[in-house]
2 protein chains.
Amino acid sequence: MNIEDTIVADIREFNRFYTKILSLLDKHVLNTSYSFTEARVVLEIGFMESCIANNLVEKLDIDRSYMSRIIAKLSKDGLLTKEISTLDNRTSVIQLTAKGIALFNQLNEKSDKQIINLLHGLSQRQITEIHASMLLIKKNLEASGGYCNDTI
Amino acid sequence: MNIEDTIVADIREFNRFYTKILSLLDKHVLNTSYSFTEARVVLEIGFMESCIANNLVEKLDIDRSYMSRIIAKLSKDGLLTKEISTLDNRTSVIQLTAKGIALFNQLNEKSDKQIINLLHGLSQRQITEIHASMLLIKKNLEASGGYCNDTI
DNA sequence: GAAAAATGTTGACTTTGTCCACTAAATGCC
DNA sequence: GGCATTTAGTGGACAAAGTCAACATTTTTC
């Protein structure tokens, strides 16, 4: 082990710093009447194109019953359709409707704009550095795989 | 402007990735009977050593009234003291008690251990890469300063 | 010194999330 | 096949987290 204290301190500082960045980004994603969690669900269904509730539960780490209610709400609002799976009668295949896709696109565009705004004023070089750094962090942390076990 | 689409997409992916890392870290900070937000407040008071409620409101971006209640609870539990400021009679100087400092240390140790755990299994080189990348991201994003304005 | 702004508190409320029990279907096992 | 176990989803009841508006008090501004 023997990881230097300064490294741990710097990583914790980065985490505090990035927590604030992310929370600012999250806050402004929405002028839609949907909560951040609901928006995440819409985005995830959009990315997956077709899925079942349990996929979303696992991917987004949201409680089963809570997800059930969110899906019910989105369905009631006409953003998605549920159709009982032919493979597994316990589950329903979930897909965005045209209206859901419209919201998905809107959320996507907003998120893209936020990132562009975040980088606004930085030089090409700085942007490249940030980009490369993010890829590196993700690659290295994924390599360990340890980040998603219980003893984290 | 003209920031490449792939860069924006990669940054958004990094944000999703890192959101999950942070939420896993957060979840496990506590076996204490305090919530994540309360723990953040204790940590922040500990770092600042002495502060007023409004410093915490700004630093942690928590609603004024909510903060007032959190401080009241922590005070009732004997974790901090409030003493009316001699400089500004509207405010109170907040400081951790011995008990509060004990919790602060405990939270700090847990957080350090989590980071060590997160890095567990990685090579020195990988750790160095992650560390350097984080410093670079923070430096570059802070340079812009734009990350904290309203139009993010 | 009056108007405006800042700080903190409280009551009432909404949103968000969790826990538990339950149904129904699928899976594993002999 | 038949029985036990697991998995997916739902609903009730509840707790935690956070928000909003109104207010008192003090400070700042002009």
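Just so we're on the same page: letters track the sequence lines, and every chain starts at 1.
Taking atom CZ of residue B/R69 and atom P of nucleotide D/dG18, one finds them 13 Å apart after rounding to whole Å. Taking atom CD of residue B/E83 and atom C1' of nucleotide C/dT7, one finds them 18 Å apart after rounding to whole Å. Atom NZ of A/K59 is separated from atom P of D/dA8 by 17 Å (rounded to the nearest Å). In this structure, B/I94 atom CD1 and C/dT9 atom C1' are separated by 13 Å, rounded to whole Å. What separates CG of B/L87 from P of C/dG8 is a distance of 13 Å, to the nearest Å. In this structure, the CG atom of A/N55 is 9 Å from the P atom of D/dA8, given to the nearest Å. The CD1-C1' distance, from A/I70 to C/dT15, rounds to 11 Å in whole Å. Here the C1' atom of nucleotide D/dG18 and the CD1 atom of B/I62 are 10 Å apart, to the nearest Å.
Not one side-chain nitrogen or oxygen of B/N54 sits closer than 4.0 Å to the OP1 or OP2 atom of C/dA6. Put simply, A/Y66 has no side-chain N or O that comes within less than 4.0 Å of OP1 or OP2 on C/dT18. The phosphate of C/dG17 (OP1 or OP2) has a side-chain N or O of A/T37 nearer than 4.0 angstrom. Contact check, B/K73 against D/dA17: no side-chain N or O comes under 4.0 Å of OP1 or OP2. The side chain of B/K82 places an N or O atom within less than 4.0 Å of a non-bridging phosphate oxygen (OP1 or OP2) of C/dT9. For D/dT10, one of the phosphate oxygens OP1 or OP2 lies less than 4.0 angstrom from a side-chain nitrogen or oxygen of A/S68.
A donor N or O paired with an acceptor N or O is not found under 3.5 Å between the base of D/dG18 and the side-chain atoms of B/R64.
Within the 4.0 angstrom heavy-atom criterion, only backbone atoms of the sugar-phosphate kind lie near A/I52; the bases stay farther away. Within 4.0 Å of B/S65, counting heavy atoms only, lies at least one base atom of the nucleic acid. Residue contacts shown for A/D63 include a base, since a base heavy atom lies under 4.0 Å away.
Residue-to-nucleotide proximity on DNA chain C shows that, of A/T86 and A/E38, the 5′-proximal contact is made by A/E38. Closest-nucleotide positions on DNA chain D for A/T91 and A/A72 were compared, and the one nearer the 5' end corresponds to A/T91.
Each of A/R90, A/K59, A/R64 was scored for a side-chain hydrogen bond (donor to acceptor under 3.5 Å, both in side chains) with A/N54, with one residue passing: A/R64.
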Start with the C-alpha gap between B/V41 and B/Y34, add the side-chain angles, then the distance that decides, and say whether side-chain contact (heavy atoms from CB on, under 4.5 Å) holds.
-> CA-CA 10 Å; B/V41 172; B/Y34 292 98; over 6 Å; no

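Of the possible polar contacts, none joining the A/N105 side chain to the A/A102 backbone as a donor-acceptor pair under 3.5 Å is found.
Comparing D/dA17, D/dT10, C/dA25 by their closest approach to the side chain of B/S35 singles out D/dA17. Relative to the side chain of A/R90, the nucleotides D/dT6, D/dT10, C/dT7 differ in distance, and D/dT6 lies closest.
Salt bridge annotation for B/E129-B/R125: present, with a cationic side-chain nitrogen under 4.0 angstrom from a carboxylate oxygen. With salt bridges taken as basic N to acidic carboxylate O contacts below 4.0 Å, one links A/D112 and B/R12. Salt-bridge check for A/E44 with A/R40: failed, with every basic side-chain N at 4.0 Å or more from each acidic carboxylate O.
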